[in-house]
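First up is the structure itself, then whatever we jot down about it.
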Amino acid sequence: MTDFTDPILLARIQFAFTVSFHIIFPATSIGLASFLAFVHWRWLRTGEEIFLTLFDYWIKPFAVVFGMGVVSGLMMSYEFGTNWSVFSDKAGPIIGPLMGYEVMTAFFVEAGFLGVMLFGRDKVGPRLHFFATFMVAAGTLASAFWILSVNSWMQTPAGYSVNEVGQYVPEDWFKVVFNPSFPYRFVHMVLAAYLTTALVVAGTGGYHMLRERQNLTVRKMFSMALWFIAIIAPLQIIAGDQQGLNSYEHQPAKVAALEGHFKTRAAAPEYLFGWPNMETGEVDYAVSIPYLGSWILTHDIHATIDGLDKIPREDWPNVPLIFWTFRIMVGLGLLFFGLGTWSLVQRFRGRLYDSPSLARCAFLLGPTGYVAVLCGWITTEVGRQPYTIYGLLRTADSASPVAAQAVGASLAAIVVVYLFIFGLGTFYVVRLLSHMPPQSPQVQKRGFLDQGGARAVRILRLFRRSREAG
């Protein structure tokens, strides 16, 4: 039974709450910064005012989200000292410099160019303003680089040694930064940020398409976002598969738990649904596909898959939790892929703007990218338990000697403050996006991403006619 008087449990809940709030904002700012840089570049290339209208429409939500991301992340750095001082002491020689690099190479760049991006277009000229926008986007990616490097090292530690006082110290910084899971997790997270942002833009466009589909700015927004979803969603499926194979190699307990494989077996099934029973070591009410589990993890339907029976019972993560968060993430990813494919079909038919069902579906899926991101992080972090540094430092040995009452009081204060401040901020962003974008003048020059990909449609139709004629 869960003991809510346990200070370690309360500290874990507190960190989980703050990081869950925080990850929503960087995921948005990473994708939205790149989107703003892209539309700015399109404006410079084509001179079409519609791209500038889109830039002006999304710059305010970006500014608010960026600010909330900075503020929401500050609390986590304090929690390292107040609740996880043993972890900070033992891992500080590695974690500290990496976090410092993030501040120096990413945050300083973002902060230095953000003011020019937000307020300097009429003062520095369009090209320098684009450069500032590009640098903010690059800064958000650099920030993701270092943060994912830190987190990935905690998942797959490498390039370290242990000194005489029990601290983990760097031996090879290249191996520390580019640890075995980092490339896969970095690509997966950046694609997740882009896909999440594209869903928000498409959802906003879908909402306004249902109200006034003749608005050219709305059409452009809707079309561009669906192009991005159609491209990124399949790439994300491939990236997720590669990360799963990497996790199977380096974190077998996590993969066995999220797949529901309690027992080692050949030709393992893939459990679609069910309830993992950690007491009996079975998946109750299971709905499964034979052989598919082995094929997904090894690409061989007859391969033997290691189960949790090869892992000491005290090293098992929370199997039911990550079993379901993983399936929610994957299920939503398939829905995103379906939305992108549907948009391509409607685009080819010339009905991208004439399908209320597509606009409604895009609107309903708009916020679900955040659900997928949160489920992905829960799967990753809970799957690492009972370790803070996988295989090296257990969570129970990482906490500060703080009383449960103190942790509980700070947790309650954080919940109230976060819900109030960031709830208001989120409400304000939603209000901004609920306003109809300004109508732009008729576009004179067609591009590949505008007017439903009309050029692509014409090329495909000419190709089809040539085949029929020949």
With a 4.5 Å cut-off on side-chain heavy atoms, are [Y] and [X] touching?
{"X": "Phe119", "Y": "His129", "result": "no"}
{"X": "Val402", "Y": "Pro7", "result": "no"}
{"X": "Ile322", "Y": "Thr325", "result": "yes"}
{"X": "Phe66", "Y": "Val70", "result": "yes"}
{"X": "Leu433", "Y": "Trp58", "result": "yes"}
{"X": "Ile24", "Y": "Met68", "result": "no"}

Lys/Arg N to Asp/Glu carboxylate O, Asp315 vs Arg394, below 4.0 Å: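 Yes, charged N to carboxylate O under 4.0 Å.
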Lys254/Glu259 ion pair, N-O < 4.0 Å: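 No salt bridge links Lys254 with Glu259.
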If I take atom [atom1] from residue [X] and atom [atom2] from residue [Y], how far apart are they, to the nearest 0.5 angstrom?
{"X": "Thr388", "Y": "Leu393", "atom1": "OG1", "atom2": "CG", "answer": "3.5 Å"}
{"X": "Glu270", "Y": "Ser294", "atom1": "CD", "atom2": "OG", "answer": "10.0 Å"}
{"X": "His188", "Y": "Thr380", "atom1": "NE2", "atom2": "OG1", "answer": "7.0 Å"}
{"X": "Leu334", "Y": "Met329", "atom1": "CG", "atom2": "CE", "answer": "10.5 Å"}
{"X": "Ile414", "Y": "Gln14", "atom1": "CD1", "atom2": "CD", "answer": "3.5 Å"}
{"X": "Thr204", "Y": "Phe363", "atom1": "OG1", "atom2": "CZ", "answer": "9.0 Å"}

Does atom [atom1] ([X]) have a neighbourhood of more than 12 heavy atoms from anything else shown, all under 6.0 Å?
{"X": "Trp342", "atom1": "CH2", "answer": "yes"}
{"X": "Lys310", "atom1": "NZ", "answer": "no"}
{"X": "Tyr271", "atom1": "OH", "answer": "yes"}
{"X": "Phe107", "atom1": "CZ", "answer": "no"}
{"X": "Arg431", "atom1": "CZ", "answer": "no"}

Please walk me through it: do Phe80 and Phe15 pass ring pair (Phe, Tyr, Trp, His ring centres under 6.0 Å)? CA-CA 9 Å; Phe80 281 129; Phe15 197 84; 5.7 Å; yes
Evaluate the ring planes of [X] and [Y], with Trp represented by its six-membered ring, and classify them as parallel (under 30°), tilted (30 to 60°) or perpendicular (over 60°).
{"X": "Phe21", "Y": "Phe25", "value": "tilted"}
{"X": "Phe422", "Y": "Tyr418", "value": "perpendicular"}
{"X": "Phe35", "Y": "Phe228", "value": "perpendicular"}

Applying side chain to side chain contact (heavy atoms under 4.5 Å, CB included), run through Met221 and Met209 and close with a yes or a no. CA-CA 10 Å; Met221 178 195 309; Met209 284 286 291; over 6 Å; no
For [Y] together with [X], are the ring centres under 6.0 Å from each other?
{"X": "Phe51", "Y": "Phe55", "result": "no"}
{"X": "Tyr184", "Y": "His250", "result": "no"}
{"X": "Phe145", "Y": "Phe186", "result": "yes"}

Any side-chain donor paired with an acceptor under 3.5 Å for [X] and [Y]?
{"X": "Thr217", "Y": "Tyr57", "result": "no"}
{"X": "Asn179", "Y": "Gln155", "result": "no"}
{"X": "Asn163", "Y": "Gln167", "result": "yes"}
{"X": "Thr264", "Y": "Asp309", "result": "yes"}

Closest non-hydrogen atom pair, [X] against [Y]:
{"X": "Val176", "Y": "Ser149", "answer": "O-OG, 4.2 Å"}
{"X": "Leu199", "Y": "Gly369", "answer": "CD1-CA, 3.9 Å"}
{"X": "Met99", "Y": "Val150", "answer": "SD-CG2, 3.9 Å"}
{"X": "Val65", "Y": "Val429", "answer": "CG2-CG2, 4.2 Å"}
{"X": "Thr368", "Y": "Leu332", "answer": "O-CD1, 3.7 Å"}
{"X": "Pro180", "Y": "Thr156", "answer": "CD-O, 3.6 Å"}

Please test Trp275 against Trp324 for side chain to side chain contact (heavy atoms under 4.5 Å, CB included), starting from the C-alpha separation and ending with a verdict. CA-CA 9 Å; Trp275 185 259; Trp324 275 104; 3.5 Å; yes
Between Leu114 and Phe62, does the side chain to side chain contact (heavy atoms under 4.5 Å, CB included) criterion hold? Intermediate values first, please. CA-CA 11 Å; Leu114 183 65; Phe62 169 78; 3.8 Å; yes
Should Ile305 and Thr298 be marked as a side chain to side chain contact (heavy atoms under 4.5 Å, CB included) after you check the CA-CA gap, both sets of side-chain angles, and the distance that decides it? CA-CA 8 Å; Ile305 301 300; Thr298 66; 3.7 Å; yes
Residue from Met117, Arg121, His40 passing side-chain contact (heavy atoms from CB on, under 4.5 Å) with Ile59: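 Per the side-chain contact (heavy atoms from CB on, under 4.5 Å) rule, the option paired with Ile59 is Met117, out of Met117, Arg121, His40.
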Which residue pairs satisfy the side-chain hydrogen bond (donor to acceptor under 3.5 Å, both in side chains) criterion with at least one member in residues 97-109, sequence neighbours excluded?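 Applying side-chain hydrogen bond (donor to acceptor under 3.5 Å, both in side chains) to every pair that reaches into residues 97-109, excluding sequence neighbours, yields Glu102-Ser143, Thr105-Trp146.
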